[in-house]
Amino acid sequence: MIFIVVKFNVKPEWSDRWIALTKNFTESTRQEPGNLWFDWSRSVEDPNRFVLVEAFADDAAEAHVNSDHFSQAMQDMPQALVETPEIISERIGAGGWGRMGELSVP
């Protein structure tokens, strides 16, 4: 799978509107064939930092970046950002989430 993590530093005046700004992008991506997950988190240390964790089946990532909703998001997001987002994008051998071995909940 393709595993992607992106950090977005959002302008303070956009922080409370970020999820609304990205709603169509999020919902449309989650409906794509081959999307495994597309999850937003907000930093507990910095309320202006959002982290996107996403994954695609190997063949699905190209269709994602060529989609209309991806193109629209790339036009919509810059107005709300302080800087270009940071990204890690890697092809990994996992097929999904596993259970943590170091911590077990009975």
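Side-chain atoms are counted along with the backbone in the values below, which use heavy atoms only and exclude waters and symmetry mates.
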Undergrad: Rounded to the nearest 0.5 Å, what's the gap from CD on Q79 to CD on E13? Could you check?
TA: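 CD of E13 is found 10.5 Å from CD of Q79.
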Undergrad: Given the rule that I, L, V, M, F, W and Y join up when any side-chain heavy atoms are under 4.5 Å apart, are F3 and M100 in one cluster?
TA: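 Result: no, two separate clusters.
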Undergrad: F56 and A61: which non-hydrogen atoms are nearest, and at how many Å?
TA: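 Closest approach of F56 to A61, heavy atoms only: CB-N, 4.0 Å.
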Undergrad: Decide side-chain contact (heavy atoms from CB on, under 4.5 Å) for D39 and E54; before the verdict, give the C-alpha distance in whole Å, the side-chain angles of both, and the deciding distance to 0.1 Å.
TA: CA-CA 6 Å; D39 297 325; E54 54 186 304; over 6 Å; no
Undergrad: Under 3.5 Å, is there a donor-acceptor pair between the side chain of R30 and the main chain of F38?
TA: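 Indeed, once roles are kept as given, a pair shorter than 3.5 Å links the two residues.
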Undergrad: Just grab all the side chain to side chain donor-acceptor pair (under 3.5 Å) pairs involving residues 59-74, residues at least two apart or on different chains.
TA: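 Checked against side chain to side chain donor-acceptor pair (under 3.5 Å) - neighbours excluded - the pairs reaching residues 59-74 are E32-H64, E32-H69, S67-H69, Q72-D76.
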Undergrad: Quick one: does R91's side chain get under 4.5 Å of D58's, heavy atoms only?
TA: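 Yes, at least one pair of side-chain atoms sits under 4.5 Å.
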Undergrad: Could you tell me whether a side-chain N or O of R42 sits under 3.5 Å from a main-chain N or O of P47, the two making a donor and an acceptor?
TA: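 Checked: pair present.
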Undergrad: Count I, L, V, M, F, W, Y as connected when their side-chain heavy atoms are under 4.5 Å apart, and connections chain through other members. Are L36 and W40 then in the same cluster?
TA: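 Per the 4.5 Å side-chain linkage, L36 and W40 are not co-clustered.
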Undergrad: Pair F8, V51 - check side-chain contact (heavy atoms from CB on, under 4.5 Å), show working.
TA: CA-CA 6 Å; F8 295 86; V51 176; over 6 Å; no
Undergrad: Does L52 share a hydrophobic cluster with I87, counting links as ILVMFWY side-chain heavy atoms below 4.5 Å and allowing steps through other members?
TA: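 They do share one cluster, since a chain of ILVMFWY contacts under 4.5 Å joins L52 to I87.
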Undergrad: We want to know whether N35 and T29 form a side-chain donor-acceptor pair, criterion being a heavy-atom distance below 3.5 angstrom.
TA: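 There is no such pair between these side chains.
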Undergrad: Considering non-hydrogen atoms only, spot the tightest contact between P85 and V6 and give its length.
TA: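 Here P85 and V6 meet closest at CB-CG1, 3.6 Å.
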Undergrad: Check whether any side-chain heavy atom of M1 lies under 4.5 Å from a side-chain heavy atom of W37, and answer yes or no.
TA: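 Yes, side chains in contact.
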Undergrad: Using the rule that two of Ile, Leu, Val, Met, Phe, Trp, Tyr join whenever any of their side-chain heavy atoms come within less than 4.5 Å, decide whether F25 and L21 are in one cluster.
TA: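 Yes: a chain of side-chain contacts under 4.5 Å links F25 to L21.
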Undergrad: State, to 0.1 Å, how close S89 and I4 come at their nearest heavy-atom pair, and which atoms those are.
TA: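 Closest approach of S89 to I4, heavy atoms only: OG-CG1, 3.6 Å.
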Undergrad: Keeping the roles fixed (side chain from N9, backbone from V82), state whether a donor-acceptor pair exists under 3.5 Å.
TA: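 Not confirmed, N9 side chain does not pair with V82 backbone.
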Undergrad: Same cluster or not: are V44 and V53 linked, directly or through other Ile, Leu, Val, Met, Phe, Trp or Tyr residues, by side-chain heavy atoms under 4.5 angstrom apart?
TA: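 No, no single cluster joins them.
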Undergrad: Take a 6.0 Å sphere around CD of E90 and say whether it holds more than 12 heavy atoms from other residues, nucleotides or ligands.
TA: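 It does not: E90 CD has 12 such atoms or fewer within range.
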Undergrad: Can you establish whether the number of heavy atoms outside I88 located under 6.0 Å from its atom CD1 is more than 12?
TA: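 No, because the 6.0 Å sphere around CD1 of I88 holds 12 heavy atoms or fewer from other groups.
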Undergrad: Any donor and acceptor pair, going by atom type alone, linking the side chain of K23 with main-chain N or O of W18 inside 3.5 Å?
TA: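 No; judged by distance alone, with no hydrogens or angles, the pair does not exist.
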Undergrad: Determine whether F50 and I19 make a side-chain contact, defined as any pair of heavy atoms from C-beta on separated by less than 4.5 Å.
TA: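 Yes. Closest side-chain heavy atoms under 4.5 Å.
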Undergrad: Locate the shortest heavy-atom distance separating G34 from A60; write the atom from each residue and the value.
TA: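 Taking G34 first and A60 second, the nearest heavy atoms are CA-CB, 3.6 Å.
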